[in-house]
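Written out below as structure tokens is the structure these notes cover.
In this chain, residues are counted from 1 in sequence order. Both ligands and their constituent atoms are indexed starting at 1 by order of listing. Side chains included, hydrogens not; waters and symmetry mates left out as well; all remaining heavy atoms used.
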Amino acid sequence: MEQRLQAGLTALGLPAEGGPSLLRYGELLVETNKVMNLTAITDPEEIASLHFLDSAALLTLEDFRNKSVVDVGTGAGFPGLPLRILEPTIRLTLLDSLGKRIQFLNRVCQELELTDVACVHGRAEEFAAEHRESFDLAVSRAVAALPVLCELCLPLVRPGGKFLAMKSVDSDQELEAAKHAIETLGGAVSGVRDYEIPGTEVRHRLILVEKVKKTPEKYPRMFAKIKKNPL
Ligand code: SAM
């Protein structure tokens, strides 16, 4: 894992200082995954590529310095925690509706002495009641289809901020289907960037949605409604 990580960080033009913390995080992930369902990826080399370097690649596509960032449906911490390890000026909130995953993340943060990272057990659509439009950036990977995901994430972003959705390169139709939701929620697509995870042939996509105006108060709706009737 160590070599793959270091080569990948170098290829991305990122400093290697975060390497040891990522390695320890990887060990905790592999160890805890034996007793708790955290990730389907168990091979350390694949964890390095498909979790750590995939997350790290975002630092080459957006300026995260000194930004408040919420990772919606973070699971075992992706992409938020690698971003924070590699860019320590990020003020990070990790949000997930599964308490056990948040317990794991609290343990990782304690071990890595990331005392200022907020690990929050909650649902995005409920979290928005108290944290509406309070983040510079929202990020999310593998949580829901884009029309649903936009309603979970865009209400959390301040006007002038961005929502960054990690998607596959064949997400053209999904993006097309989300156009109405994006506009309704006060967003506008500001970029679609495909990237390759270094050391692999895996190509992924980052969809950047700028928050151009406030989200109407009636959004987000309760999850049952979002799911039944996506915007
Ligand atoms: N983002 C991580 C990754 O890419 O490895 C985890 C992806 S996992 C497939 C989806 C995660 O989203 C789960 O941990 C689930 O508990 C969480 N989730 C789903 N709906 C959510 C919601 N409405 N609010 C917060 N978390 C949610």
> How about Glu27: does its CD atom have over 12 heavy atoms from other parts shown lying under 6.0 Å from it?
Replying inline: yes

> Are any of the N/O atoms in Asp71 less than 3.5 Å from those in ligand 1?
Replying inline: no

Do me a favour and list the nearest non-hydrogen protein atom to [atom] with residue, atom name and distance?
atom	result
atom 19 (C) of ligand 1	Val143 CG1, 3.9 Å
atom 10 (C) of ligand 1	Ala142 O, 3.4 Å
atom 17 (C) of ligand 1	Asp96 OD2, 3.3 Å
atom 13 (C) of ligand 1	Arg101 NH1, 3.3 Å
atom 4 (O) of ligand 1	Arg141 NE, 2.6 Å
atom 6 (C) of ligand 1	Gly73 O, 3.4 Å
atom 26 (N) of ligand 1	Ser97 N, 3.3 Å
atom 24 (N) of ligand 1	Ala124 N, 2.9 Å

> Any side-chain heavy atom of Asp96 within less than 4.5 Å of one from Cys119?
Replying inline: no

> Distance only, no hydrogens: is a donor on one side chain within 3.5 Å (strictly under) of an acceptor on the other, for Arg4 and Ser49?
Replying inline: yes

>> Please determine whether salt bridge (charged side-chain N to carboxylate O under 4.0 Å, His left out) holds for the pair Lys179 and Glu176, giving the CA-CA distance in whole Å, both sets of side-chain angles, and the decisive distance to 0.1 Å.
In response: CA-CA 5 Å; Lys179 288 261 159 86; Glu176 194 53 42; 3.6 Å; yes

